[in-house]
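Contents: one structure, followed by commentary.
The analysis underlying the following values was restricted to heavy atoms, covering all of them including side chains, and did not include hydrogens, waters or symmetry mates. Sequence lines set the chain letters: A, B, ... in the order given, protein chains first and strands last, and positions in each chain run from 1. This one's a predicted model, so the numbers in the text were calculated from it and none came from an experiment.
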Amino acid sequence: MTLSREFRLSLFRKMLQVRRFEQKAIEMYQRSVIHGTIHSCVGQEASTVGVIAALEAKDYVTSTHRGHGHSLAKGSRIPAMFAELFGRETGCCRGRGGSMHIADVAVGMLGCNAIVAGSTPHAVGAALSGKLQGSNNVVACFIGDAAVNQGAFHESANLAAVWQLPVLFTVENNQYGVSTRIQDTTALKQLSDRAAGYGMPGVTVDGQDVEAVYAAALALTERGRRGEGPALLETITYRYEGHNYGQPMTYRSKEEIDSWRQKDPVFLYREKLAGMGYEADLKAIEAEVEQEMAAAIAWALEQPLPDVAEITDLVYVDNTPFPDLSGRRRVYEE
Amino acid sequence: MTLSREFRLSLFRKMLQVRRFEQKAIEMYQRSVIHGTIHSCVGQEASTVGVIAALEAKDYVTSTHRGHGHSLAKGSRIPAMFAELFGRETGCCRGRGGSMHIADVAVGMLGCNAIVAGSTPHAVGAALSGKLQGSNNVVACFIGDAAVNQGAFHESANLAAVWQLPVLFTVENNQYGVSTRIQDTTALKQLSDRAAGYGMPGVTVDGQDVEAVYAAALALTERGRRGEGPALLETITYRYEGHNYGQPMTYRSKEEIDSWRQKDPVFLYREKLAGMGYEADLKAIEAEVEQEMAAAIAWALEQPLPDVAEITDLVYVDNTPFPDLSGRRRVYEE
Amino acid sequence: MAMRELTMVQALNEALQEEMARDGKIFCLGEDVADPYGGAYQITKGLANRFGADRCRNTPISEAAIVGVAVGAAQTGLRPVAELMYMDFMGVCFDQILNQMAKLRFMLGGQVSLPMIVRGQQGSGRGNGAQHSQSLEAFFFHTPGLLVVQPSNPYDAKGLLKSCLRQDNPVIFLEHKMLYNVKGPVPDEEYVVPLGVADICREGSDVTVVATGLMVNRAKAAAARLAEEGISVELIDPRTLFPLDLESIVGSVMKTGRCIIVHEANKRGGVGAEIAAQIMERAFDYLDAPVERLAGLDIPMPYAPHLEKAAVPQEDDIVLAARRLVREGGLR
Amino acid sequence: MAMRELTMVQALNEALQEEMARDGKIFCLGEDVADPYGGAYQITKGLANRFGADRCRNTPISEAAIVGVAVGAAQTGLRPVAELMYMDFMGVCFDQILNQMAKLRFMLGGQVSLPMIVRGQQGSGRGNGAQHSQSLEAFFFHTPGLLVVQPSNPYDAKGLLKSCLRQDNPVIFLEHKMLYNVKGPVPDEEYVVPLGVADICREGSDVTVVATGLMVNRAKAAAARLAEEGISVELIDPRTLFPLDLESIVGSVMKTGRCIIVHEANKRGGVGAEIAAQIMERAFDYLDAPVERLAGLDIPMPYAPHLEKAAVPQEDDIVLAARRLVREGGLR
Ligand SMILES: Cc1ncc(C[n+]2csc(CCOP(=O)(O)OP(=O)(O)O)c2C)c(N)n1
Ligand SMILES: Cc1ncc(C[n+]2csc(CCOP(=O)(O)OP(=O)(O)O)c2C)c(N)n1
Ligand SMILES: [Mg+2]
Ligand SMILES: [Mg+2]
């Protein structure tokens, strides 16, 4: 596949944005600007960016607890993402969601989800919705390797196959669910073998090679757009950090992590593009991304907190002819 | 496979028992002796009996809403089964369970279950239990074709494969889930293809041929007993009655039903055995089964109803050091 | 208003027919909902024939996918109506209800609304055993983000379902299997029943009875008998559990000074507890006796018919409770 | 009794260690429960190393299978302890809890018992968002067939878990993430805490406070402050929600005439409603004011820390409620 210079550089930019976003998020977590929990996708950028590069603007993405990258790659506003992690009113979810619920529906990012495989049927529903409304969009449904053992994934994959809906189930196989190796949770050689059990194609691709991922994803999304149904794409990848930031790493060796660092997707792609003579562009992009992150964080840090008085406001839509749906405040307040 | 005369006759006897039990149950339902709902397995006897014939006494069976046959074939007491359907205190579940919850744990029948695929993880648990307790028993987990699309089946099949437990997932494919054709609920050519997605063998067999079912099941249970893990056996079969007794049949044609009646498993096997010169034995068995059913029903009809005063008794075991676990009666009683 | 006698099945079907004709974004999905079967209880009969297979879709037996697909479709512009053949199957899709359908709007900071309905029948009375006879409203009632609707007659069923289809919150719509074939008057003309407004089925002065679902009919019969003995019952059917028309209930209790809540679901942690607690909070000084609750026993539903009957409140229970409350001061 | 200061994590781990050594039929299963990880919160740390991989098993992320396997194993002679990493995941396995674990014994006419435990942590306070911060006890409380245990300190946690492992009913054992690392005294010697016996944490005469889980500590702090203002609080921690020691609660309310129930779960349909309703039923004539409930707001848990805090009762809320109840007669 011959890709244009612009396109290649845009892939690099996205990967770098994801990488730097995640690293900055950890910094802010260490500084206690972010609380709760964050699941870093550093190491998985090629998989994330490669798949989403195969989508159009009107297409949808659903994601998981490890979803900052998916959101950013689909076009979420980076400042609003930081603001969300900081719990601010101008965060993309108005500070109500947090890391595991990042969403930016305006750009087709339907939501991260903190329940493993919880968003898989939503992907099928969005695909059905597109079909019924004649919009011909596809849905990239991101999950982790361990999520394929969850009932909701199964029901969703089967239903997408029966209804021949354009869902690309993308299994980012980083080899672990928390501390548990994939060999301890399925008896399969490769997870894409599960696709046959639904009557859909299954493809495994090197998840550290962004162009390979892109090519594989494009073939499968085009297939979906032609009405030929869903597919399962497994990307073989790795996360360097603990399951969530700060979790112990006792279950894997330093050697293993180091060996994967040799296959770092951002680094490898940079080498490749530099070899093609794009060094100056790469440098420029690096500077721009650095600047972009700094500006986004600076902006987000100045954003207001949500007003406690509005705490119950978003539970219900207020277009029903009924009394007081806004929830009830506790009895005693000063 | 050469089977002994005794064994063949025992297969016929079991099939006939199941057939006559189900027909009698419908009679009693029509006479309002049985209330609620019953799901007849008439037409599916070869599948049921063939698989269970491959089990030993210590092995376990789990089942579904359509489970009278499985229970009877595993050795449940027929009078106690009728008594259960009649809601009597001496029913196998003391009249508390009813048709969809028939169980006879003493003979390894762990329970029918009215939640589609609801008992599939129990089968895995029973197999694990056998393994941990060193008993080397296998578990036949019966489900219908439509149940393979339920999350619990998926999680159970995967887990049995990962833990290499001796569970024989038996999918009795009678082509419909209620009114919905299997082609409308999976994109597979045959359901046994789903097995590969778990890394276990999948076999499809003619479910109207009791000896073929037996042979297939035996190979797979022996495999399980050798520690080689679970398997999926699909038996192609048919039910003549509506989904539950009395349900409309609008979704299928009389021709279709008639064509399956040509493949009636009890009739076919009778023909075969008669051709082998066993006519006298068959006649004797027929008379015995008739007599057995009549006696069982007569006994069951005389059984006492459960005492209303004991209605809350079985919710909790009373071996805990706590007050009044027996549930509470309503405030007002005469 | 010109009226016809319809069953609740017919009334619900009319609501879907009318609203689907009005709004092309509404579609139904569930097990066996399409024609010719038209649903295990015929609520969706004729919809596939009239509106096409796309708008009334049979699904595999995959309730998590059914509800989850509805969530995804609602999030992207449609108005799904998902049928659970028995509400008892909420167990296999409860994550999609509790953690997705109910929370998504809030978690996403209001970016989306989820105009969807999960509906189906529940309750005992047909000998279906412990896994097909439950009354499950308390689980939904305790889940912020959901509306919970529980009609007791054809008129309300139709009018409430139409209201639900014209607003943007996710709804749990609870029908009762024993009410499906009970007939009642339904207007020829178009109408809706507002959400959050209780029905005062009968005015009275001695005791307020708050009853839900199938219990409304039992309470009506009991009230008629009590009237003959000179006990005047004010009977309230909340119709929607959330939003709950507490004003009507509390107002009535302030008048009568006594209250009995009747529901079929088991008592411990049931909806009756919340209503009782709120009555105490708001009408304490008006109460002549503790609010009483008649409810199902805290047991799985038994199969044998006489046990099944004994497990839930009957007309006689209501009569007895009211008599003792009014004549003897109730529980004390 | 000689005592050590242990965290609840250590206390729970000790209970499992001791009981697994005593009874070879006990085994643990769940996600990441085996060593070296030893569970997301280290409750099962060291069990796999000590008792072998068979008795402390990692599972796939398949909660329905986890609970369902426990049901099947319990039905056939073992005593499984299944961990849910967050109780919030009960949604994906609720059928196995509601329709299987809780009902199987009854449906089978008592042929089997299910000596099994589903345990895990719940609650807010760590910024985990709406799907990882819930307090879900009301769902289990409303399900006949389950015992529901909710310890508030290391001593009770250990003693209650040991009791649960020595009886034959299925148990939901609810830990709180914010209590895991709080230390408390635990005896060197073997002991158990009986199920169904509340702990009177503090005796008092002006108002009864019934608090559960994490709220017990807040109520303790509030009671200490109130004592300084001359308000005497009797603080009761039920420890087990079912069986519920209503005798202790009602007895206390008969003495004080006032009661506040405090729980973290959202209010509507929460456990507090049942307790309030039962107090009204049993102590109506002793009540000087309506029983009050301080509970979580009826919203999904928000992420921003100040919203998360505002969503559940705090020490100050308890102080204020008690003050107004005692000095101004409460809600009226
Ligand atoms: C239903 C459910 N079970 C368990 C969890 C806890 N949990 C969160 S992420 C995770 C591991 C997921 O592994 P995988 O799908 O491979 O994704 P990864 O974290 O590796 O990206 C677990 C067990 C959860 N959030 N939801
Ligand atoms: C979780 C769940 N969903 C739906 C049902 C209602 N239901 C009972 S049996 C059945 C069809 C089952 O079809 P299949 O598995 O093929 O078994 P069969 O009835 O054909 O023997 C359905 C939809 C149920 N009992 N449980
Ligand atoms: Mg992973
Ligand atoms: Mg079938």
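- Contact annotation for B:Gln164: neither backbone nor side-chain heavy atoms come within less than 4.5 Å of a heavy atom of chain A.
- Summarising the geometry of B:Asn158 relative to A:Arg194, their closest heavy-atom pair is OD1-NH2, 2.7 Å, with the distance given to 0.1 Å.
- Shown here for A:His154 and B:His154, the closest heavy-atom pair between the two residues is ND1-ND1, 3.1 Å.
- The OH atom of B:Tyr198 sits 9.0 Å away from the CG atom of A:Asn149 when rounded to the nearest 0.5 Å.
- The structure places CG of A:Asp184 at 11.0 Å from CH2 of B:Trp163, a figure rounded to the nearest 0.5 Å.
- Proximity to chain A (any heavy atom under 4.5 Å) is shown, for B:Ala161, by both the backbone and the side chain.
- B:Ser156 does not touch chain A: none of its heavy atoms, backbone or side chain, sits under 4.5 Å away.
- Chosen from B:Ser192, B:Ala187, B:Ala152, the residue pairing most often with chain A at heavy-atom distances under 4.5 Å is B:Ala187.
- Only the backbone of A:Thr185 has a heavy atom closer than 4.5 Å to any heavy atom of chain B.
- Judged by distance alone, the side chain of B:Glu155 and the main-chain N or O of A:Gly151 form a donor-acceptor pair under 3.5 Å.
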